[in-house]
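Below, read A as the first sequence line, B as the second, and so on, with proteins coming before strands; counting in each chain starts at 1.
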Number of protein chains: 2
Amino acid sequence: MTNRHTNVTAQARFGAEECSLKEVLERVGDKWSILVVAALAREPYRFRALQRAIEGISQRMLTLTLQRLERDGLITRTVLDMRPPRVEYALTPTGQSLTVPLRSLADWAEEHRGALAESRALWDSKRSGTAS
Amino acid sequence: MTNRHTNVTAQARFGAEECSLKEVLERVGDKWSILVVAALAREPYRFRALQRAIEGISQRMLTLTLQRLERDGLITRTVLDMRPPRVEYALTPTGQSLTVPLRSLADWAEEHRGALAESRALWDSKRSGTAS
DNA sequence: CAGCATCCCGGAGGATACTG
DNA sequence: CAGTATCCTCCGGGATGCTG
């Protein structure tokens with residue numbers, strides 16, 4: 001376990017975490033999970049409301065995503081028995097804590113979306129202008 | 001544009017960003033992209049070295065991922081012409097900036113991986129113990 | 001409303017072989 | 001070494017229909 005490169009600067013220092021990062025990404029790293037957590041970060045939602053809030057998610061994917069998140073202890077599922085039946089989903093403390101790094105990601109996204117689009121456009125134009 | 005719920009606390013405030021978040025997630029939100037960026041956050045890598053560093057990535061996916069990241073202006077591709085040929089990949093400033101939110105995500109992953117596994121195990125055991 | 005079961009398709013992504 | 005091209009598989013995920 002001798003570290004191979006000592007030029008580890010402040011912003012770097014990914015390393016051993018990388019594997020756990022990979023691990024966790026395979027669980028909550030998909031688009032729908034993140035969007036569900038982001039939605040629930042605002043307020044608890046019922047099933048249908050959540051589906052409407054998320055825009056583009058299918059009923060199937062919402063069900064699956066919610067089940068996984070509940071399984072991972074990130075959200076709670078509460079059945080209010082009444083007619084018609086209502087089920088509320090909310091973040092657990094762990095789920096709450098995830099919203100913090102998610103926020104920085106969202107901020108980054110907000111800040112750099114323009115740059116990405118620009119770079120992409122540039123790259124694409126270079127591509128088509130291959131000749132001459 | 002009257003906001004529907006005024007109980008917006010500090011940690012919440014996802015909202016309009018959500019769409020840009022979704023957008024960006026579709027670009028750099030996949031496992032391989034994140035792992036590549038994390039790797040390059042340590043130091044520049046050559047193609048093969050990167051493939052060895054990442055563990056589990058196929059040659060094809062590495063190529064594709066690198067191309068997309070370059071297209072999005074997150075990494076640079078530098079061809080050193082020598083024999084045998086060497087190509088170095090490194091983060092651009094924008095790419096560097098992504099490592100910041102990535103770090104908080106990695107930290108979160110590190111901190112909560114145990115909790116996730118635990119919750120999952122619990123949930124699973126409940127499942128098998130459906131009866132009684 | 002909340003949710004499961006089915007069918008089905010497109011594309012993500014691995015394995016392999018070839019090139020400069 | 002650093003890729004490109006091809007083939008093939010698997011499963012993410014949409015559409016639809018049925019239950020409680």
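Salt-bridge formation is not detected for the pair B:R86/B:D81: no Lys NZ or Arg NE/NH1/NH2 atom is positioned less than 4.0 Å from an Asp or Glu carboxylate oxygen.
Dashed line: the shortest gap from a side-chain N or O of A:R46 to OP1 or OP2 of C:dA2 is under 4.0 Å. Under 4.0 angstrom from either OP1 or OP2 of D:dC1 there lies no side-chain N or O belonging to B:R83. Look at A:Q51 and you won't find any side-chain N or O under 4.0 angstrom from OP1 or OP2 of C:dA2.
Partner of A:V36 under the side chain to side chain contact (heavy atoms under 4.5 Å, CB included) criterion, out of A:D30, A:L66, A:L91: A:L66 alone.
Put simply, the side chain of B:L25 reaches to within 4.5 Å of the side chain of A:I34, judged on heavy atoms. Here the side chains of B:E110 and B:W108 are not in contact, with every heavy-atom distance at 4.5 Å or above.
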Annotated protein contacts, base or backbone, on nucleotides 14-20 of chain D with a non-hydrogen cut-off under 4.0 Å, one of B, S, - each: BB----B
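Atom pair A:D30:CG and D:dC11:P shows a separation of 16 Å (rounding to whole Å applied). What separates CG of B:L62 from C1' of C:dG13 is a distance of 13 Å, to the nearest Å. D:dA2 atom P lies 15 Å from atom CD of B:Q67, rounded to whole Å. Regarding B:K31, its NZ atom lies at a distance of 12 Å from the P atom of D:dG12, rounded to whole Å. Regarding B:L64, its CG atom lies at a distance of 17 Å from the P atom of D:dA2, rounded to whole Å. Whole-Å rounding puts the B:L66 CG to D:dC1 C1' distance at 14 Å. When rounded to the nearest whole Å, the span between CD1 of B:I54 and C1' of C:dG13 equals 15 Å. The CD atom of B:E26 sits 14 Å away from the C1' atom of C:dG11 (whole-angstrom rounding).
When heavy atoms are screened at a 4.0 angstrom cut-off, A:R68 is found touching no nucleic acid atom at all. At the heavy-atom level, B:E88 lies nowhere under 4.0 Å from the strands shown.
Under 3.5 Å, the side chains of B:D107 and B:S104 contain no donor-acceptor pair of N or O atoms.
For A:P84, counting side-chain heavy atoms from C-beta on, the closest listed nucleotide (C:dC1, D:dA2, C:dA2) is C:dC1.
For the atom pair CD of B:Q59 and CG of B:L50, the computed distance is 12.0 Å after rounding to the nearest 0.5 Å. Annotation: the span from A:L69 atom CG to A:T65 atom OG1 amounts to 6.5 Å, rounded to 0.5 Å.
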